[in-house]
Amino acid sequence: MPRHIGFIMDGNGRWAKKRAMPRNFGHREGAAVFKKTINWCRELGVEAATFYAFSTENWKRPEEEVNGIMELLRRYIKDIREYAKENVRFIFLGDLTPFDKDIRADLLDIMETSRGNTEFIAGVALNYGGRAEICNASRILAKKCVSGELSAEEITEELFEEMLYTNEMPPLDLVIRPSGEQRLSNFLTWQSAYAEFVFLDVLWPDFKKKDLENAIEEYAGRSRRFGGI
Ligand code: FPP
């Protein structure tokens, strides 16, 4: 069983287009699947899942679409609070400063109040980019070196990992990307170094528990050698 799964929630736009509906209709359906997937992971005994909800590049989308995703986020904050009451811990990965003040305050509050929850960890990547995360970690370490708290020689992979948003999550074992695209798109760049990938043809709003079970089965059949033999 993978301990930590990353989900690239791709294909919402195409799903809506197929139905001659606006793209935000697809995001709405995608957000519902996000909620269901948290439950499926918990039922199957996965310890943590990280969802790619909004990338550092997604601000380039039309204003109407960005606003639609922000509205969805506002709406889902209520649901996320409910999960947080069920012993689920939430971690928001990314630089939250560009979000509206009310959203940011809620996200920080949820992260803080759910910190002690132990049943499951749900990561939500918001204004997240893997490269930005690596730059951010480098910046923190560089400042420590400048202040004399740390020497450059003391920087190890383990120390670097402590500066990443995932520092309190289990190692990433599996990345699932629906929608037929076969790339990482700046998602969990450092963490995916030894992760397994499962690409599916289904669009994210059509993603079902069976797809998750099949992906886990495929993962279980793979031989992970981490560079060894
Ligand atoms: C990618 O599909 C999806 C996104 C950029 C946004 C994902 C957002 C959500 C599922 C909703 C908000 C999340 C939460 C947690 C409330 P796409 O638009 O690139 O699809 P396409 O490739 O078919 O155009």
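All ligand and atom numbering here is 1-based and tracks the order in the structure.
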Quick note on ligand 1: atoms under 4.0 Å from a heavy atom of Arg61 include exactly 5 (C), 17 (P), 18 (O), 19 (O)
Of all protein heavy atoms, the one nearest atom 3 (C) of ligand 1 is Met9 O, 3.1 Å
Exercise for the section: Show your working on side chain to side chain donor-acceptor pair (under 3.5 Å) between Gln191 and His4 and close with a plain yes or no. Expected result: CA-CA 11 Å; Gln191 296 85 342; His4 180 180; over 6 Å; no
Here the atoms of ligand 1 under 4.0 Å from any heavy atom belonging to Phe34 are 15 (C)
Ser55 versus Asn186, side-chain donor and acceptor atoms under 3.5 Å: no
Connected to Tyr194, directly or through other members, by ILVMFWY side-chain contacts below 4.5 Å are Phe226
of all protein heavy atoms, closest to atom 20 (O) of ligand 1 is Gly13 N, 3.1 Å
Please confirm whether Arg23 comes under 4.0 Å of ligand 1, counting heavy atoms of the residue only.
-> yes
>> For a side chain to side chain donor-acceptor pair (under 3.5 Å) check, start with the C-alpha distance between Glu133 and Tyr165, then their side-chain angles and the critical distance, and finish with the verdict.
In response: CA-CA 8 Å; Glu133 180 181 33; Tyr165 297 116; over 6 Å; no
From the list Phe34, Phe187, Phe7, ring-ring contact (aromatic ring centres under 6.0 Å, His included) partner of Tyr52 resolves to Phe187
Margin query: Set out, in order, the CA-CA distance, both residues' side-chain angles and the distance that settles salt bridge (charged side-chain N to carboxylate O under 4.0 Å, His left out) for Glu168 and Arg115, then state yes or no.
Written below: CA-CA 10 Å; Glu168 294 185 73; Arg115 187 174 291 275; 3.7 Å; yes
Within 4.0 Å of some non-hydrogen atom of His27, the atoms of ligand 1 are 3 (C), 4 (C), 6 (C), 11 (C), 18 (O)
for atom 13 (C) of ligand 1, nearest protein heavy atom and its distance come out as Ala53 CB, 3.9 Å
Is there a donor-acceptor contact under 3.5 Å from the side chain of Arg81 to the main chain of Ile77?
no
For this session: Return yes when Gly11 approaches ligand 1 closer than 4.0 angstrom through a heavy atom, no otherwise.
Result: yes
Atom 22 (O) of ligand 1 sits nearest the protein heavy atom Arg14 NH2, 2.9 Å
Taking only non-hydrogen atoms of Ala31 and a 4.0 Å limit, the atoms of ligand 1 in range are 10 (C), 11 (C)
- Message: Would Arg19 and Trp15 count as a cation-pi pair here, with the cationic atom under 6.0 angstrom from the ring centre and within 45° of the axis?
- Response: yes
Original post:
Can you find an N or O of Asn58 that's nearer than 3.5 Å to an N or O of ligand 1?
Top reply: no
Atom 9 (C) of ligand 1: closest protein heavy atom, distance to 0.1 Å, is Asn12 ND2, 4.0 Å
Exercise. Does some non-hydrogen atom of Glu181 fall short of 4.0 Å from ligand 1?
Worked result: no
| task | Check whether any side-chain N or O of Glu154 sits under 3.5 Å from a backbone N or O of Ser151 as a donor-acceptor pair, and report yes or no. | result | yes
